[in-house]
Enquirer: 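To start, I am sharing the structure in question, which I have written as structure tokens.
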Amino acid sequence: TAGLIVAGPAGAYVGSKIGQVVGVAGVLIEGTVSVGVLFAGVTGTVFTVKQLQNEEKRLLTIGGKGSEQVVLVRPNVTVDPIWNDITTRVRRSYPKDSGGLMDGFPFFGDKVGEATKKERERRDREIAFSKEDEINTKEKVFLLVASSLNDKRCLPGYVYRELIYEVKRRVEGRKQHTRNNLPLKGRTVQDITRETRQDVHGIIKHITATLLEVRPGFSSSPRITELSAMAVETLVFGEIYDDVFDEICDETRQQDINLETKFSSLESEAKTKDVDLQKHISQEAIISIRRLPFYHSVGDKLRCCVELLEFVSQSGTNHNMGADFLLTLVCQHLAVAAIPHLNAECAFLEEFAKDEQLLQGKEGYALVTIQASIHFLNASDDIIQDVFLVQD
């Protein structure tokens, strides 16, 4: 079973509080590894990944040593082999003379193609050689990747456009299949409910691989390669986020309905029990976490989680900020913020956050802490009693 083995700050809470309510030793986290791991051999990124015997799960160690470590057990992502065939077909269909075409039609021959190529190269040089205080490295890589993938005449741009179209076509086909109540034809219900996510993992892998092949500068260092993969992911979700998130929402619908029902009755219950819901609430933290649904990229969503924890920690500096109280504060903020589809939001991050992102700085701890809090809120039958009436 996928799970969360927690030591350190979050561990004390999981063991002492969630274990009592849920009756389990750890918090279940179902997640996957995105393209970053697929390129781990190329990038040389340093992280601790131990392959389990059945090769279906991995241990990802976050943090320092001993009690400072948090270990996530994450399933491996297996990309559907069909995307190898689809990508091969797309690459073979790439028009070799596309540099002289304008949207598929001959237009002033090769001169326009050459002029367009030179203009793009000029813009790319301006971005690449701009000063760090003008455009930081992360923004530079994103702009350069976007330039390549938006160029319909280059192979990465062609592959990007065609694979995005293929995913959308497959999504529409599945919707039609569901509307018509057609038979599964050998596939399980679980296969059907995860197909869009599997497709997205597949195209992120192949678009990134094509980009690194054609633009070797994007693999010039581990950090640049990692940023390039993140940029590809961000651009892909800019096109098909709604389809992916809708699929996750279908999966977590009952959990989120139950949780939102609990949140909706908080104020009335608090008045009945004379409880001040706002006593330890940071409005900055509420603002940060309420931005979560409006972002479509993993990086932006993780930043909301990190900001939540930072503001919560600051608001608790006048109290004994032990592990229990920190997790209690996070639960309080999530309950007061009452974000729609909270389980789906975290499931999205578990699915698509790369190991590298979770191992850098605060992102991994933020996701672990928030996921532990959500599991506790899901399990609680009385949020006022369990979260707001605990001892400071």
Side-chain angles (χ1 to χ4, degrees), residues 31-47 49 60 62 72 74 77 79 83 124 127-128 130 132 135-151 156-157 159-161 163-164 167 197 199-241 244-245 291-292 294-307 345-367:
T32 64
V33 181
S34 189
V35 69
V37 170
L38 299 173
F39 284 96
V42 177
T43 67
T45 305
V46 178
F47 53 80
V49 176
L60 176 63
I62 302 172
L72 283 171
R74 312 187 74 197
V77 168
V79 175
W83 285 104
D124 288 353
I127 295 169
S130 60
E132 187 69 14
I135 308 177
N136 64 41
T137 301
K138 182 178 179 180
E139 292 173 340
K140 287 180 184 179
V141 172
F142 178 82
L143 291 172
L144 292 170
V145 170
S147 175
S148 290
L149 297 188
N150 286 326
D151 185 352
V159 169
Y160 169 75
R161 188 174 71 257
L163 293 190
I164 290 289
V167 169
R197 279 166 281 180
D199 285 348
V200 171
H201 284 302
I203 68 169
I204 288 173
K205 171 190 173 182
H206 287 287
I207 291 169
T208 305
T210 304
L211 181 71
L212 296 180
E213 174 190 341
V214 177
R215 303 273 189 263
F218 287 121
S219 57
S220 60
S221 73
R223 178 60 176 160
I224 297 300
T225 305
E226 180 186 333
L227 290 174
S228 302
M230 291 171 60
V232 170
E233 187 176 80
T234 299
L235 291 165
V236 167
F237 282 125
E239 298 278 354
I240 54 179
Y241 173 83
V244 173
F245 196 69
R291 292 193 185 109
L292 186 70
F294 298 98
Y295 289 118
H296 291 178
S297 74
V298 171
D300 287 334
K301 287 180 180 290
L302 283 175
R303 188 173 69 251
C304 293
C305 298
V306 169
E307 289 178 357
E345 291 287 355
C346 281
F348 174 84
L349 289 174
E350 292 166 17
E351 178 83 25
F352 291 104
K354 301 182 184 67
D355 285 351
E356 294 92 331
Q357 288 173 296
L358 298 180
L359 289 162
Q360 291 171 3
K362 306 171 184 177
E363 284 83 355
Y365 285 112
L367 181 57

Enquirer: Less than 4.0 angstrom from a charged side-chain N to a carboxylate O is my criterion; do Lys354 and Glu226 meet it?
Expert: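 Looking at Glu226 together with Lys354, the answer is no, because their closest N to O distance does not fall below 4.0 Å.
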Enquirer: Which heavy atom of Ser220 sits nearest a heavy atom of Thr225, and at what distance?
Expert: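 In this case the closest contact between Ser220 and Thr225 is N-OG1, 4.4 Å.
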Enquirer: Can you tell if the side chain of Ile240 reaches within under 4.5 Å of the side chain of Ile203, non-hydrogen atoms only?
Expert: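 Counting from C-beta outward, Ile240 and Ile203 do come under 4.5 Å.
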Enquirer: Quick one: CG on Leu227 to NZ on Lys140, what's the gap to the nearest 0.5 Å?
Expert: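 The distance works out to 12.0 Å.
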Enquirer: How far apart are the C-alpha atoms of Val200 and Tyr241, what are their side-chain angles, what is the distance that settles it, and do they pass the side chain to side chain contact (heavy atoms under 4.5 Å, CB included) test?
Expert: CA-CA 10 Å; Val200 171; Tyr241 173 83; over 6 Å; no
Enquirer: Identify the heavy atoms of Ile224 and Ser228 that sit nearest to each other, and give their distance.
Expert: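 Ile224 and Ser228 have their closest heavy atoms at O-OG, 2.7 Å.
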Enquirer: Indicate the atoms forming the closest heavy-atom contact of Glu139 with Ile135, along with that distance.
Expert: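 For Glu139 and Ile135, the tightest heavy-atom pair comes out as CB-CG2, 3.6 Å.
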Enquirer: Can you measure from CZ (Phe218) to CG (Leu144) and round to the nearest 0.5 angstrom?
Expert: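 Here the rounded value is 5.0 Å.
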Enquirer: So which heavy atom on Thr208 is nearest to which on Val232, and how close?
Expert: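 Shortest heavy-atom separation between Thr208 and Val232 comes out as OG1-CG1, 3.5 Å.
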Enquirer: Using the six-membered ring wherever Trp is involved, compare the ring planes of Phe352 and Phe348 and label them parallel, tilted or perpendicular (cut-offs 30° and 60°).
Expert: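 It falls in the tilted class, 30° to 60°.
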Enquirer: Provide the closest heavy-atom pair for Ala353 versus Val298 in the form atom of the first, atom of the second, distance.
Expert: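 Distance-wise, the nearest heavy atoms are CA-CG1, 3.7 Å.
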Enquirer: Would you confirm whether Ser147, through its side chain, and Leu143, through its main-chain N or O, come within 3.5 Å as a donor-acceptor pair?
Expert: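 Such a contact is absent between Ser147 side chain and Leu143 backbone.
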Enquirer: For a side chain to side chain contact (heavy atoms under 4.5 Å, CB included) check, start with the C-alpha distance between Leu349 and Cys305, then their side-chain angles and the critical distance, and finish with the verdict.
Expert: CA-CA 10 Å; Leu349 289 174; Cys305 298; 3.9 Å; yes
Enquirer: Look up atom CD1 in Ile207 and atom CH2 in Trp83, then write down how far apart they are to the nearest 0.5 Å.
Expert: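 Here the interatomic distance stands at 8.5 Å.
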Enquirer: Measure the spacing between NZ of Lys301 and CG of Leu367 and express it to the nearest 0.5 Å.
Expert: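 If we round to the nearest 0.5 Å, Lys301:NZ and Leu367:CG are 12.5 Å apart.
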Enquirer: Just verifying a value: how many Å separate Thr210 OG1 and Leu149 CG, rounded to the nearest 0.5 Å?
Expert: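 Answer for the OG1-CG pair, Thr210 versus Leu149, is 9.5 Å.
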Enquirer: Look at the side chain of Tyr295 and the backbone N and O of Arg303, then say whether any donor-acceptor pair between them is shorter than 3.5 Å.
Expert: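 No; judged by distance alone, with no hydrogens or angles, the pair does not exist.
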Enquirer: Is the closest side-chain heavy-atom distance between Asp199 and Val244 below 4.5 Å?
Expert: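 The answer is no; the side chains never approach within 4.5 Å.
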Enquirer: NZ/Lys362 to CG/Leu302 distance, rounded to the nearest 0.5 angstrom?
Expert: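 Going from NZ on Lys362 over to CG on Leu302, the span is 13.5 Å.
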Enquirer: So which atom in Ala146 and which in Leu235 form the shortest heavy-atom distance, rounded to 0.1 Å?
Expert: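 So the minimum-distance heavy-atom pair works out to CA-CD1, 3.7 Å.
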Enquirer: Counting C-beta onward and ignoring hydrogens, is there a side-chain heavy-atom pair between Tyr160 and Leu211 closer than 4.5 Å?
Expert: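 The answer is no; the side chains never approach within 4.5 Å.
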